[in-house]
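Reading through the structure tokens given below for one structure.
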Amino acid sequence: MKLTILGGGGFRVPLVYGALLGDHREGRVTHVTLHDVDAGRLAAIVRVLAEQAAGVADAPVVSSTTDLDEALRGADFVFSAIRVGGLAGRAADERVALAEGVLGQETVGAGGIAYGLRTVPVVVRIAERVAELAPDAWVINFTNPAGLVTEAMSRVLGDRVIGICDSPVGLGRRVARVLGADPDEAWIDYVGLNHLGWLRALNVGGRDELPRLLADTELLGSFEEGRLFGAEWLRSLGAVPNEYLHYYYFNREAVRAYREAGKTRGAYLLDQQSGFYDEMARPGTSPLDAWHRTLADREATYMAANREAAGVGERDEDDLESGGYEKVALALMRAIARDERATLILNVRNRTTLSVLDADAVVEVPCVVDANGAHPVTVRPLPHHAVGLVTAVKAVEREVMAAAESGSRSAAVKAFALHPLVDSVTVAGRLLDGYRAEHPGLAYLTSR
């Protein structure tokens, strides 16, 4: 079975390959093709994978190419993990937004919109090439903003593109752990959009254990989201939000922390990963050791500005374990390829799952996966406060897609202006002008 990874020179690719090395069952991946537009980064990651595979007799064969069509031909699965504009683009997204006093985070607010405007035209072209060259392939989308990108690609590929994110899985595992439950035995009632969802129940043996958590201040203070949001707010919501909702519920504090930080997250990662790729070019470097050191630092500093805003200090060691996006991706791939029924939280077309959204809107909900793909599970309706956020952000995503399709400046300004974290139409126009000045890839936004 052939797996193609788009964005194959990306820093997190060794996580995926490492997971593949541990899979020895029938129907496993035997060939991995890495594709990237940056040949230097691609070569560096190939070296890391070679060291990972040393001594593993049946390790999947790795090849690399900068030719998209070559990478796609013969693929059974395609992992899309690209970053249009690179980390320099992310750093610029943050810088332009903060200059206007609004959030520039990678997937949330103005930064997420700018990233989406750059990315949607590219991923639509990729989807068209997949449809032409590998029509039977399944696309598993890692590319952020994951919900928006998955929906844009689904307009070409239908249900054969599925988006994944490790945030809901990580949240569910943390909540299960503090309640003393086995995460693999718990049913996680989670619903929303990507980076905009709520854990509303955690059922173990038919019993919802979340009320016990919400009633216990000590337990609430023992994990990442409990410290970020605080016990009082979680009790008010009656749910545990995805960590990215901190940008909405504590927006002023988050913006202030970002502006006061010596370096934004994007700028920090740009410097960190530039150092990693520079180190890889030096003789005598162990690629795998260099990668592990960089990864450990990356995980420890995740969402540092938000923790600073909440006054909760560094991440606990127990919270450093993510949901394992590579594990989610491989579980999804196995369920489809082997027709092994699995339940996963995924980004899929809504169908009739959430009545406040249309059938084609991509949502993030529990799904049953089999050989025919991912099927969203019926969930309870959203409370009104969540309906407001979900429908507002989905409207923004639709404007981003409209702008990407038409090249309309007015649609792009509308996307910025409608976002709950952008408080002025005037600011929305200035944001677009600032981003167009930074990103040549937004030059297409010229029509009315």
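Note that these values count all heavy atoms, side chains included, but never hydrogens, waters or copies made by symmetry. All of these numbers come straight from a predicted model, not from anything done at the bench.
- Within the 4.5 Å cutoff, the side chain of L269 has heavy atoms near those of the R90 side chain.
- Judged purely by atom type and a 3.5 angstrom limit, S154 has no side-chain atom pairing as donor or acceptor with the backbone of L157.
- For E209 and R207, the salt-bridge test passes: some basic side-chain N is under 4.0 Å from an acidic carboxylate O.
- Here the closest non-hydrogen pair linking A428 and A417 is CB-N, 3.5 Å.
- Annotation: the span from L346 atom CG to I164 atom CD1 amounts to 8.0 Å, rounded to 0.5 Å.
- Between H195 and Y244, the two ring planes are parallel [angle under 30°; tilted spans 30° to 60°].
- The residues D189 and R200 are annotated as salt-bridged, a charged nitrogen and a carboxylate oxygen being separated by less than 4.0 angstrom.
- No side-chain donor-acceptor contact under 3.5 Å links T33 and T4.
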Show your working on side-chain contact (heavy atoms from CB on, under 4.5 Å) between I188 and L199 and close with a plain yes or no.
CA-CA 7 Å; I188 301 169; L199 188 156; 3.8 Å; yes

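- With ring centers used as reference points, Y190 lies 6.0 Å or more from W198.
- For S64, the side-chain contact (heavy atoms from CB on, under 4.5 Å) partners two or more places apart in sequence, or in a different chain, are L34, L42, V46.
- Put simply, CG on L202 and CG on L213 are 9.0 Å apart, with the number rounded to the nearest 0.5 Å.
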Give the C-alpha distance, both sets of side-chain angles, the deciding distance and a yes or no for side-chain contact (heavy atoms from CB on, under 4.5 Å) between V169 and Y325.
CA-CA 8 Å; V169 181; Y325 88 116; over 6 Å; no

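- Of all heavy-atom pairs spanning E243 and S167, the tightest one is OE2-OG, 3.7 Å.
- When all heavy atoms of P60 and R28 are compared, the pair lying nearest together is CD-NH2, 3.9 Å.
- Each of V365, D360, V363 was evaluated against N350; a single residue qualifies, V363, per the side chain to side chain contact (heavy atoms under 4.5 Å, CB included) test.
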For L245 and F250: C-alpha separation, side-chain torsions, deciding distance, then whether side-chain contact (heavy atoms from CB on, under 4.5 Å) applies.
CA-CA 8 Å; L245 273 156; F250 297 91; over 6 Å; no

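- With 3.5 Å as the limit, one finds a donor-acceptor pair spanning the side chains of D370 and H375.
- Using a cutoff of 4.0 Å between basic side-chain nitrogens and carboxylate oxygens, E94 and K263 are not scored as salt-bridged.
- Across every non-hydrogen atom of N347 and G147, the tightest pair is OD1-CA, 4.0 Å.
- No salt bridge links D358 with R349; every basic N to acidic carboxylate O contact stays at or beyond 4.0 Å.
- Two residues are said to be in side-chain contact when any heavy atoms from C-beta on lie closer than 4.5 Å; V108 and Y248 meet this criterion.
- Between the side chains of Y258 and Y247, at least one donor N or O lies within less than 3.5 Å of an accepting N or O.
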Pair Y17-V62, side-chain contact (heavy atoms from CB on, under 4.5 Å): steps then yes or no:
CA-CA 9 Å; Y17 191 68; V62 175; 3.5 Å; yes

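- Contact of the L20 side chain with the L3 side chain is registered, since non-hydrogen atoms from C-beta on lie closer than 4.5 Å.
- In this structure, R41 contributes its side chain and Y277 its backbone to no donor-acceptor pair below 3.5 Å.
- Of all non-hydrogen atoms in P420 and L389, the two that sit nearest each other are CG-CD2, 4.2 Å.
- Between the side chains of R235 and T217, at least one donor N or O sits under 3.5 Å from an acceptor N or O.
- Here the side chains of D159 and V348 are not in contact, with every heavy-atom distance at 4.5 Å or above.
- Of all heavy-atom pairs between C367 and P376, the closest is SG-CA, 3.8 Å.
- Side-chain contact between L330 and M333: present, with at least one pair of heavy atoms (C-beta onward) separated by less than 4.5 Å.
- Using a 4.0 Å cut-off between charged side-chain N and carboxylate O, E340 and R334 make no salt bridge.
- Between D166 and R173, no side-chain nitrogen of the basic residue sits less than 4.0 Å from a carboxylate oxygen of the acidic one, so the salt-bridge criterion is not met.
- Distance check: N144 CG to N194 CG gives 6.5 Å after rounding to the nearest 0.5 Å.
- Not counting sequence neighbours, the partners of D76 by the side-chain contact (heavy atoms from CB on, under 4.5 Å) test are M1, K2.
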Candidate pair E225 and R174, rule salt bridge (Lys or Arg N to Asp or Glu O under 4.0 Å), full reasoning:
CA-CA 9 Å; E225 287 78 7; R174 285 189 287 275; 2.6 Å; yes

Identify all side-chain donor-acceptor contacts of residues 287-296 below 3.5 Å with residues at least two apart in sequence or on another chain.
from: D289; atom 1: OD2; to: S286; atom 2: OG; distance (Å): 3.3
from: W291; atom 1: NE1; to: F11; atom 2: O; distance (Å): 2.7
from: R293; atom 1: NH2; to: E279; atom 2: OE2; distance (Å): 2.5
from: T294; atom 1: OG1; to: A290; atom 2: O; distance (Å): 2.9

Give the intermediate values and the outcome of salt bridge (Lys or Arg N to Asp or Glu O under 4.0 Å) for residues R265 and E106.
CA-CA 9 Å; R265 178 66 173 171; E106 177 185 23; over 6 Å; no

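- You'll find the side chain of V191 stays beyond 4.5 Å of the side chain of E364, heavy atoms only.
- Looking only at distances, a side-chain donor or acceptor of Q105 sits under 3.5 Å from a matching main-chain atom of T107.
- Between F416 atom CZ and I113 atom CD1 the span is 5.5 Å, to the nearest 0.5 Å.
- Within the 4.5 Å cutoff, side-chain heavy atoms of L220 are placed close to those of L234.
- D216 contributes a side-chain N or O that, together with a main-chain N or O of L219, makes up a donor-acceptor pair within less than 3.5 Å.
- Between the side chains of N141 and T150, at least one donor N or O sits under 3.5 Å from an acceptor N or O.
- Atom CZ of residue R259 and atom CG of residue L103 lie 11.5 Å apart, to the nearest 0.5 angstrom.
- Electrostatic pairing of K394 and E397 counts as a salt bridge here, judged by a charged N lying under 4.0 Å from a carboxylate O.
- Considering only heavy atoms from C-beta on, V102 stays 4.5 Å or farther from L421 through its side chain.
- L72 CG to L133 CG: the interatomic distance, rounded to the nearest 0.5 Å, is 6.0 Å.
- Within a 6.0 Å sphere centred on CD of E405, other residues, nucleotides and ligands contribute 12 heavy atoms or fewer.
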